[in-house]
Amino acid sequence: QVQLVESGGGLVQPGGSLRLSCTASGSIFGINTMGWHRQAPGKERELVAVITSGGSTVYADSVKGRFTISRDNAKNTVSLQMNGLKPEDTAVYFCGAGLVVLSGIRDAKNYRHWGQGTQVTVSS
């Protein structure tokens, strides 16, 4: 029984910043990877940024240099700092967690646990 609770979404102008947070609770044993995936209308859910239990990070090419993922192990929390936001970043952002092998880390289907999602809208 894993619960993931997200916060921090909202409406922001192009070039602005948002910080998303996800806190895990319950039976979190076996989770080795946790982070953020997004889904825009008509598109597949795609990895944005995830971090492993060993501290390795994986980013989508489209967000490298703009987004930073971090973790607080004591609080079972991961955060995503999003800077330089663009309209194409608009999507529902989901926190996902699971026991994931490296070769499948970019595939949202490999994550067992999900939050409800938080809307990020970048618009003037």
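None of these values were measured; they are calculated from a predicted model. Heavy atoms only: backbone and side chains are in, while hydrogens, waters and symmetry mates are out.
Cluster note: Tyr59 groups with Val2, Leu4, Val12, Leu18, Leu20, Ile28, Ile31, Met34, Trp36, Val48, Ile51, Val63, Phe67, Ile69, Val78, Leu80, Met82, Leu85, Tyr93, Val120, Val122 through ILVMFWY side-chain heavy atoms spaced under 4.5 Å, whether in direct contact or through intervening members.
In this structure, the side chain of Asn32 does not engage the main chain of Thr52 through any donor-acceptor pair within 3.5 Å. Panel note: side chain Tyr111, backbone Ile105; a donor-acceptor pair is recorded below 3.5 Å. Checked by atom type and distance alone, the side chain of Gln39 never pairs as donor or acceptor with a backbone atom of Val92 at under 3.5 Å. Between the Glu6 side chain and the Gln116 main chain, a donor and an acceptor come within less than 3.5 Å of each other.
Applying the salt bridge (charged side-chain N to carboxylate O under 4.0 Å, His left out) definition to pairs two or more places apart or across chains, those involving residues 48-64 are Asp61-Lys64. Here salt bridge (charged side-chain N to carboxylate O under 4.0 Å, His left out) pairs that include residues 99-124, with residues two or more places apart or in two chains, number zero. Pairs of residues two or more places apart, or lying in two chains, that qualify as disulfide bond (SG atoms under 2.5 Å apart) and include a residue from residues 1-116 are Cys22-Cys95.
Thr23 pairs by the side-chain hydrogen bond (donor to acceptor under 3.5 Å, both in side chains) definition with Thr77, not counting sequence neighbours. Partners of Gln3 according to the side-chain contact (heavy atoms from CB on, under 4.5 Å) rule, which considers only residues two or more places apart in sequence or in another chain, are Ser25. A search for side-chain hydrogen bond (donor to acceptor under 3.5 Å, both in side chains) contacts involving Gln81 returns Arg19, Asn83, not counting sequence neighbours. Taking the side-chain hydrogen bond (donor to acceptor under 3.5 Å, both in side chains) definition, one finds that Ser62 meets it with Arg38, sequence neighbours left out. Applying the side-chain hydrogen bond (donor to acceptor under 3.5 Å, both in side chains) test to Arg66 and every residue at least two apart in sequence or in another chain returns Asp89. Under the rule for a side-chain contact (heavy atoms from CB on, under 4.5 Å), the partners of Ser123 that lie at least two apart in sequence or sit in another chain are Leu11, Thr121.
The environment of CD in Glu88 is crowded: more than 12 heavy-atom neighbours from other residues, nucleotides or ligands sit within 6.0 Å.
When all heavy atoms of Arg71 and Gly55 are compared, the pair lying nearest together is NH1-N, 3.5 Å. Across all their heavy atoms, Gly84 and Ser17 have their closest contact at N-OG, 4.4 Å.
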